[in-house]
Amino acid sequence: MDFGNNDMSGGGKEKTGLPDGNDVRDASFVAEPARQVPVAGRYDVIVAGGGPAGVCAALAAAERGCSVLLLEAEGCLGGILTSGLMSNILDAKNKGGLLKSILAELSGMGMASGHHACVDPEAMKIVLENRVRRAGIHVRLRTRVAGAKVSSARRVEAVFTESCSGREAWIGKVFVDATGNGDLGALSGCGYELGDPDGRIQAASLCALIYGVGAGAIPDLLEIEKDGGKRRLYELLDQAGRRPSYSKPTLFSLNENGFLLMSNHQYRVYPDDADALTDAVLQARAEIWEQIAALRRTDPRLAKLRIGTTAAALGLREGRRISALYRVVLDDLREGRSQPDPVCRGTFSVDVHGMFPGNSGYTSAGFKVRPYDIPLRALIARDAVNLLLAGRCICGDVYAHASYRVVGNAAPIGEAAGICAALAVRQDLPPEEVSYADFVQAGGNPHPHV
Ligand SMILES: Cc1cc2nc3c(=O)[nH]c(=O)nc-3n(C[C@H](O)[C@H](O)[C@H](O)COP(=O)(O)OP(=O)(O)OC[C@H]3O[C@@H](n4cnc5c(N)ncnc54)[C@H](O)[C@@H]3O)c2cc1C
């Protein structure tokens, strides 16, 4: 075959050696050549991360007249609800706005079940996709935010992404970090916290969709039985010689014969360690296969149990918490504090998974939560003037985060970030200078008070 001028070898033997003075064989660092990155688009609002928070942020900004780009690293929208396969929505009862309307749409389709709001992950994908398309949002899947250009005045001017289209730059007026792990905040040079002061972090879990058994045949094993269901599932696995790494394995009923399984804990997995993330996925997937085989052997009712799919994304409960104008702290929760600028009220308990030595389940760490306000200031980044935070990467301490991290708060927080971003664009102000009265008038905090 004649490769002509396209020969990838560099055009001849004499040119294939390493350039002078740049021998990388023993180097610890390799200098990457500077390059011009093409500008792929300009938007009023750029949202990094298309989980529940990011989708709500993008919708809220687009509904208020902004041009919006939504960048998502995985192959679908929904984050933990879809690529993470954990679509059991907690702390949603006292919420209105986009979350309520999305859940109502899913209920209308017959795609929500259970005493919480366990929704069908595939239905969630299509509902979110339809909504962002109708809103005219430019969505980019499989596109990871990998860098940011920040001015000397601490203004995020552009984000850089990596995808099959190569490296691209996207210019925006206001940015929203909804990556869950605070990637954009960190890439923009913002301060952040991760884990507790001793560097401990909550356990991660890989969830799975399983099927092949009727829900009516195994009511005693289901999540609806609360601790009873978890205990019996644990005992079954233990009897079969496959004691689970998560001591409260949970089976959520999705429909008459489909279930979501959350049955493993991966300990000390940090969101910025690709090797640890990979090891965690491989270990978790192997464990799930062993668990299903054990259940099939041990309980005749489960003989036909099958794995439909394991999640595309490892579920990370903790990521970076980016510094903002306000830090939600444990005492806010214990005292049920009101705030002058609420975006919604958190009511969920402190829920810490596998962070403390010897705890392979979850614990409230002895703290009781009274309904508390989540303030808009906790969404406004301290170290970048045009960056908002949405979802679990807002600013809070480790115990406050363990409560507000759930979807029933992440989605309304995202909606609030989108509204604030739209006002900042329309008024040509940094988010910090948007008045709370304007925020409310624009539809901020549409949630019934509890
Ligand atoms: C195992 C597990 C079980 C849980 N169980 C429940 C439960 O039962 N009920 C409940 O309400 N909550 C639960 N949670 C909490 C739930 O994860 C959070 O509420 C929710 O994920 C927060 O939404 P988010 O949008 O902030 O983050 P995520 O859902 O994590 O979404 C972030 C999105 O950003 C994308 N992304 C990340 N980095 C980049 C990047 N650099 N560039 C572009 N895109 C990026 C991700 O792919 C993802 O789609 C659970 C969490 C875990 C991990």
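One-based numbering, in listed order, for ligands and for the atoms of each. Since we're looking at a predicted model, the values are computed, not measured. The figures here come from the full heavy-atom set of this structure, side chains too, leaving out hydrogens, waters and symmetry mates.
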Of all the atoms in ligand 1, which lie at a distance below 4.0 Å from a heavy atom belonging to [X]?
{"X": "Gly49", "result": "34 (O), 35 (C), 44 (N)"}
{"X": "Thr143", "result": "43 (C)"}
{"X": "Gly79", "result": "29 (O), 31 (O), 48 (C), 49 (O)"}
{"X": "Ala53", "result": "25 (O), 26 (O)"}
{"X": "Ala178", "result": "32 (C), 33 (C), 34 (O)"}
{"X": "Gly315", "result": "53 (C)"}
{"X": "Met262", "result": "1 (C), 3 (C)"}
{"X": "Leu71", "result": "43 (C), 44 (N)"}

If we only count N/O pairs under 3.5 Å, is [X] in contact with ligand 1?
{"X": "Val145", "result": "yes"}
{"X": "Leu316", "result": "no"}
{"X": "Gly180", "result": "no"}
{"X": "Ile80", "result": "yes"}
{"X": "Ser205", "result": "no"}

Measure the distance from [atom] to every protein heavy atom, then report the residue, atom name and distance (to 0.1 Å) of the closest one.
{"atom": "atom 13 (C) of ligand 1", "value": "Val406 CG1, 4.4 Å"}
{"atom": "atom 41 (N) of ligand 1", "value": "Asp183 OD2, 2.9 Å"}
{"atom": "atom 10 (C) of ligand 1", "value": "Asn88 O, 3.2 Å"}
{"atom": "atom 26 (O) of ligand 1", "value": "Arg392 N, 3.0 Å"}

N/O donor-acceptor pair under 3.5 Å between [X] side chain and [Y] backbone:
{"X": "His265", "Y": "Ser360", "result": "yes"}
{"X": "Asp332", "Y": "Val329", "result": "yes"}
{"X": "Asp44", "Y": "Ser67", "result": "yes"}
{"X": "Ser87", "Y": "Val119", "result": "yes"}
{"X": "Thr143", "Y": "Leu141", "result": "yes"}
{"X": "Asp91", "Y": "Phe348", "result": "yes"}

Tell me which donor-acceptor pairs under 3.5 Å the side chains of residues 210-217 have, and how far apart each pair is, sequence neighbours excluded?
none

**Parallel, tilted or perpendicular: ring planes of Tyr43 versus His138, cut at 30 and 60 degrees** =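 Tyr43 vs His138 ring planes: tilted.
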
**Message:** As a check for students: among Glu72, Met86, Arg317, identify the option with a heavy atom nearest to atom 1 (C) of ligand 1.
**Reply:**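 Nearest option to atom 1 (C) of ligand 1, by heavy atoms: Arg317.
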
**Asked** Do the charged groups of Arg392 and Glu318 touch, with an N to O distance under 4.0 Å?
**Response**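 Judged by the 4.0 Å cut-off on N to carboxylate O distance, Arg392 and Glu318 do not form a salt bridge.
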
**Message:** Are Leu260 and Leu209 packed together at the side-chain level, in the sense that at least one heavy-atom pair is separated by less than 4.5 angstrom?
**Reply:**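 In contact.
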
**Request:** Please name all residues satisfying side chain to side chain donor-acceptor pair (under 3.5 Å) with Lys248, sequence neighbours left out, ordered by chain then number.
**Result:**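 Side chain to side chain donor-acceptor pair (under 3.5 Å) check on Lys248 returns nothing, list empty.
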
